[in-house]
Amino acid sequence: MSGATTLPDPVRAWAESVIGPVTSLDDAPLAAWPSPSRAWEVTAGRQGGGDRFWVKLSAAPLAFTRETFAHRHAVSYLGPGRAPRLTATSAQHLALITSTVRGTPLSALTVTGAALEAVRTAAELAHGGGLFAELLTLSTDR
């Protein structure tokens, strides 16, 4: 998927059926994503709306499954406004549409062991450890 600067036509058609006509599109720099997945920040909306979204194509079905699972089950534990809101998914295209969030992208931050431990602890407390264990299983499956 590397090198694609525009949304593939079938993905764009699907995205527009969900969020309305795309009025602007910015390819996310490859260095910002630690995987071969591709992402674009889009502005779209019906009747001239200017809502911003991320359209992300996963490189493989397992990556799509992991990210979809995380959005559906783990992101809510971070609290409102702390993570993108999942808008739609397409298993056919291995694509996700999420909202944008203000702040610094994770790729621009240095995450310490202490911060990761805090997320782990919060996940365990919020879901009795079961959710965190399942996320670990998904992240270590090969």
Side-chain angles (χ1 to χ4, degrees), residues 1-2 4-141:
M1 289 187 200
S2 62
T5 57
T6 62
L7 282 168
D9 289 339
V11 175
R12 184 179 184 129
W14 167 73
E16 288 184 332
S17 76
V18 174
I19 60 177
V22 171
T23 57
S24 73
L25 176 98
D26 292 312
D27 186 33
L30 286 174
W33 296 97
S35 73
S37 298
R38 299 292 305 146
W40 296 265
E41 186 174 14
V42 301
T43 303
R46 303 198 188 284
Q47 300 159 351
D51 297 325
R52 291 176 39 231
F53 300 90
W54 283 99
V55 176
K56 183 174 181 185
L57 294 182
S58 296
L62 183 57
F64 171 79
T65 300
R66 287 176 178 161
E67 187 163 4
T68 300
F69 181 90
H71 277 284
R72 290 186 176 149
H73 301 285
V75 167
S76 63
Y77 292 107
L78 297 174
R82 292 184 174 220
R85 180 182 42 80
L86 184 62
T87 303
T89 64
S90 169
Q92 176 185 357
H93 301 297
L94 300 180
L96 297 95
I97 300 173
T98 66
S99 63
T100 59
V101 177
R102 292 183 183 180
T104 305
L106 183 60
S107 60
L109 299 175
T110 302
V111 182
T112 65
L116 291 174
E117 186 60 31
V119 170
R120 174 189 161 141
T121 300
E124 287 176 342
L125 290 172
H127 205 276
L131 175 64
F132 184 70
E134 189 154 352
L135 286 172
L136 280 180
T137 301
L138 282 172
S139 68
T140 57
D141 285 347

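Only a predicted model underlies this, so the values are computations on that prediction, with no experimental measurement involved.
- Of all heavy-atom pairs between A39 and D27, the closest is O-OD1, 3.5 Å.
- Partners of V75 according to the side-chain contact (heavy atoms from CB on, under 4.5 Å) rule, which considers only residues two or more places apart in sequence or in another chain, are H71, A83.
- Residues L94 and L57 form no side-chain contact, since every pair of their non-hydrogen atoms from C-beta on lies 4.5 Å or further apart.
- Minimum heavy-atom separation, A44 to G20: CB-O, 3.7 Å.
- With sequence neighbours excluded, the residues that form a salt bridge (charged side-chain N to carboxylate O under 4.0 Å, His left out) with R52 are E41.
- T89 is listed as a side-chain neighbour of F64, based on a closest heavy-atom distance under 4.5 Å.
- By the side-chain hydrogen bond (donor to acceptor under 3.5 Å, both in side chains) test, T87 is found to be paired with no residue, residues two or more places apart in sequence or in another chain being considered.
- For the pair I19/D51, no side-chain contact is recorded, criterion being any heavy-atom separation below 4.5 Å from C-beta on.
- Contact record, S99 with P84: O-CB, 3.3 Å, taken as the closest heavy-atom pair.
- Atom CH2 of residue W54 and atom CD1 of residue I97 lie 13.5 Å apart, to the nearest 0.5 angstrom.
- Listed by chain and number, the residues in a side-chain hydrogen bond (donor to acceptor under 3.5 Å, both in side chains) with S24 are T43 (sequence neighbours excluded).
- For the pair R72 and L86, the minimum side-chain heavy-atom distance is below 4.5 Å.
- The minimum heavy-atom distance linking W14 with A95 is given by the pair CZ3-CB, 3.7 Å.
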